[in-house]
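Read through the structure below, which is laid out as structure tokens, and then see the notes.
Numbers for residues simply follow the sequence, beginning at 1. In listed order, ligands and their atoms are each counted from 1.
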Amino acid sequence: MPTPIVIVSDALPGDTVAPLKAACDVRQIDGRDRQALLAALPEADALIVRSGTRVDAEVLERATRLRVVARAGVGLDNVDTATARALGVTVVNAPDANSVSVAELTVSLVVASVRHLQEAGRSLRAGEWRRSDFAGTELSGRTAGIVGFGRVGRQVARRLAAFDMRILVHDPYADTLADDVHATGLDELLAAADVVTLHLPRTPTTTGLIGARELRLMKPTAHLVNTARGGIVDESALYRALCAGTLAGAALDVFATEPPGASPLLDLPNVVAVPHLGASTAEAQLRAGHEAVRKVLAELAPLLAPAPTTV
Ligand SMILES: NC(=O)c1ccc[n+]([C@@H]2O[C@H](COP(=O)([O-])OP(=O)(O)OC[C@H]3O[C@@H](n4cnc5c(N)ncnc54)[C@H](O)[C@@H]3O)[C@@H](O)[C@H]2O)c1
Ligand SMILES: O=C(O)CC[C@@H](O)C(=O)O
């Protein structure tokens with residue numbers, strides 16, 4: 001039986017790939033290098049990605065032997081799941097692997113935004129001492145609006161409640177809510193919240209969900225945090241709102257295009273920006289890598305030689 005070939009096209013912790021290497025021919029490539037990706041795929045039985053590899057129809061059609069695409073993380077917006085389904089390719093992810101890490105980053109970004117931490121740090125390093133310019137606001141007693149109340153949204157709610165914030169939630173599909181959160185419509189949430197934080201997937205329906213109209217509904221003193229996906233927020237409208245002072249600040253982990261290049265948002269003092277770090281903790285990467293590898297090995301089981309028995 002030929003050894004199955006697994007392409008790993010984004011970085012995974014070495015330990016997590018070890019069980020795969022014991023059973024398969026594992027080939028590591030850079031999934032951002034389109035030519036390398038397309039060249040590697042015709043032989044592949046499995047493909048493991050994070051967010052750096054775009055698994056579109058061209059990729060899937062090139063991979064004629066492919067049985068499974070595994071996303072070592074949550075968001076499947078970089079995988080054309082409809083084409084995969086049509087081609088009989090299984091798509092798996094690691095839905096619980098990084099929720100706590102993303103929630104912890106989200107809370108960090110909330111605090112960084114209301115206390116101006118990134119700009120104050122930049123100013124200090126430039127030799128300045130502008131303490132009065134960086135006076136912030138407390139979270140205690142204020143209102144957080146959580147859009148998307150799934151795995152990450154729920155973790156964020158618990159953590160912001162610990163800051164004594166009132167928690168509003170908008171999620172048309174959530175069947176259960178926690179006791180101390182209040183469900184509301186999106187417009188009502190945007191109008192009432194001092195901090196709005198996004199925790200929903202990017203889909204054709206949610207792309208541009210937070211546009212000029214929605215930003216106008218927000219208080220001029222409010223902050224917007226996005227650790228979900230770029231493109232859910234209209235970045236041009238956000239830029240205009242931040243420049244005009246109709247929104248106090250924004251904190252962004254994700255961008256419509258990644259990396260965002262020379263996005264004008266990065267030049268604004270009232271924007272905290274980090275390079276898609278939500279899942280970048282040792283713990284989350286290990287969980288995601290182990291889960292992706294376990295699911296790939298399960299899908300490839302019919303192709304794997306039985307393990308030798310010991311007597
Ligand atoms: N920054 C990062 O590194 C990072 C890491 C993990 C996940 N994410 C992103 O965060 C998103 C949320 O992750 P999760 O694990 O909580 O997913 P999840 O599926 O557990 O929860 C998403 C929630 O969004 C809700 N939702 C869908 N459409 C909505 C809409 N129009 N309005 C309001 N709510 C809506 C769903 O009902 C669901 O409850 C992921 O889709 C992913 O894109 C980012
Ligand atoms: O690959 C990453 O680190 C990002 C993962 C994150 O955005 C996810 O959706 O799980």
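- Taking CD of E43 as the reference point, atom OG1 of T64 lies at 10.0 Å (rounded to 0.5 Å).
- Proximity to P201 (heavy-atom distance under 4.0 Å) selects the following atoms of ligand 1: 22 (C), 24 (O), 27 (C), 41 (O).
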- Item | Verdict with reasoning, E291 to K295, per salt bridge (charged side-chain N to carboxylate O under 4.0 Å, His left out) | CA-CA 6 Å; E291 187 165 349; K295 288 181 172 172; 2.9 Å; yes
Contact table, ligand 2 N/O with protein N/O, distance under 3.5 Å:
residue	atom	partner	partner atom	Å
ligand 2	1 (O)	R50	NE	3.1
ligand 2	1 (O)	S51	N	3.3
ligand 2	1 (O)	S51	OG	3.3
ligand 2	3 (O)	R50	NE	3.3
ligand 2	3 (O)	R50	NH2	2.6
ligand 2	7 (O)	R229	NH1	3.0
ligand 2	7 (O)	R229	NH2	3.1
ligand 2	7 (O)	H276	NE2	2.7
ligand 2	9 (O)	R71	NH2	3.1
ligand 2	9 (O)	G75	N	2.7
ligand 2	9 (O)	R229	NH2	2.7
ligand 2	10 (O)	V74	N	2.6
ligand 2	10 (O)	N98	ND2	2.9

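- Nearest protein neighbour of atom 34 (N) of ligand 1, counting heavy atoms only, is G148 CA, 3.5 Å.
- In this structure, of L277, T206, D253, the residue bringing a heavy atom nearest to atom 31 (N) of ligand 1 is T206.
- Within ligand 1, counting atoms from 1 as listed, the ones closer than 4.0 Å to a heavy atom of A279 are 3 (O).
- Residue V152 approaches ligand 1 through these ligand atoms, each under 4.0 Å from one of its heavy atoms: 13 (O), 14 (P), 15 (O), 16 (O).
- Within a 6.0 Å sphere centred on CZ of R67, heavy atoms belonging to other residues, nucleotides or ligands number more than 12.
- Atom 43 (O) of ligand 1 has as its closest protein heavy atom R229 CG, 3.3 Å.
- When hydrophobic clusters are built by joining Ile, Leu, Val, Met, Phe, Trp and Tyr residues whose side-chain heavy atoms come closer than 4.5 Å, directly or via intermediates, L186 is not grouped with V169.
- Among all non-hydrogen protein atoms, the one lying nearest atom 22 (C) of ligand 1 is H199 O, 3.6 Å.
- With hydrogens and angles ignored, the 3.5 Å screen pairs no side-chain donor or acceptor of D45 with any backbone N or O of P4.
- Within the listing of ligand 1, atoms 39 (O) sit less than 4.0 angstrom from a heavy atom of F149.
- Protein heavy atom in closest approach to atom 19 (O) of ligand 1: R151 NH1, 3.7 Å.
- The ligand atoms of ligand 1 that sit less than 4.0 angstrom from a heavy atom of H276 are 1 (N), 2 (C), 3 (O).
- To the nearest 0.5 Å, atom CG of residue D10 and atom CG of residue N78 are 8.0 Å apart.
- Look at E283 and R287 and you find no salt bridge, because none of the NZ, NE, NH1 or NH2 atoms lies under 4.0 Å from a carboxylate O.
- Nearest to atom 32 (N) of ligand 1 among the protein's heavy atoms is P172 CD, 3.5 Å.
- Here atom 11 (C) of ligand 1 lies nearest to L200 when heavy atoms of L189, V147, L200, N93 are compared.
- Set against the non-hydrogen atoms of Y173, the atoms of ligand 1 under 4.0 Å away are 26 (N), 27 (C), 28 (N), 29 (C), 37 (O).
- Taking all heavy atoms of A103, A228, G150 into account, the minimum distance to atom 10 (O) of ligand 1 is reached by A228.
- Defined by atom type and a distance below 3.5 Å, a donor-acceptor pair is missing between the side-chain atoms of T184 and H182.
- Considering backbone and side-chain N/O of N98, none are found under 3.5 Å from N/O of ligand 1.
- The main-chain N or O of L12 is never found under 3.5 Å from a side-chain atom of Q285 such that the two would form a donor-acceptor pair.
- Residue R130 qualifies as enclosed at atom CZ: its count of foreign heavy atoms under 6.0 Å is above 12.
- Taking the charged nitrogens against the carboxylate oxygens, R54 and D56 do have a contact shorter than 4.0 Å, which makes a salt bridge.
- Those atoms of ligand 1 with a heavy atom of G278 less than 4.0 angstrom away are 1 (N), 2 (C), 3 (O).
- Under a hydrophobic clustering in which Ile, Leu, Val, Met, Phe, Trp and Tyr are joined whenever their side-chain heavy atoms come within less than 4.5 Å, directly or via other members, I7 and L304 fall into different clusters.
- For D77, no nitrogen or oxygen atom sits less than 3.5 Å from a nitrogen or oxygen atom of ligand 1, counting backbone and side chain alike.
- The residues R154 and D171 are annotated as not salt-bridged, no charged nitrogen and carboxylate oxygen being separated by less than 4.0 angstrom.
- Nearest to atom 39 (O) of ligand 1 by heavy-atom distance, out of V74, D171, L209, is D171.
- Looking only at atom types and distance, the side chain of D25 has no donor-acceptor partner in the side chain of T3 under 3.5 Å away.
- Ligand-side atoms of ligand 1 in range of V102: 4 (C), 5 (C), 6 (C), range being under 4.0 angstrom from any heavy atom.
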Validation: residues 136-152 side-chain donor-acceptor distances under 3.5 Å, sequence neighbours left out:
residue	atom	partner	partner atom	Å
R142	NH1	E138	O	2.7
T143	OG1	R166	NE	3.3
R151	NE	D96	OD1	3.0

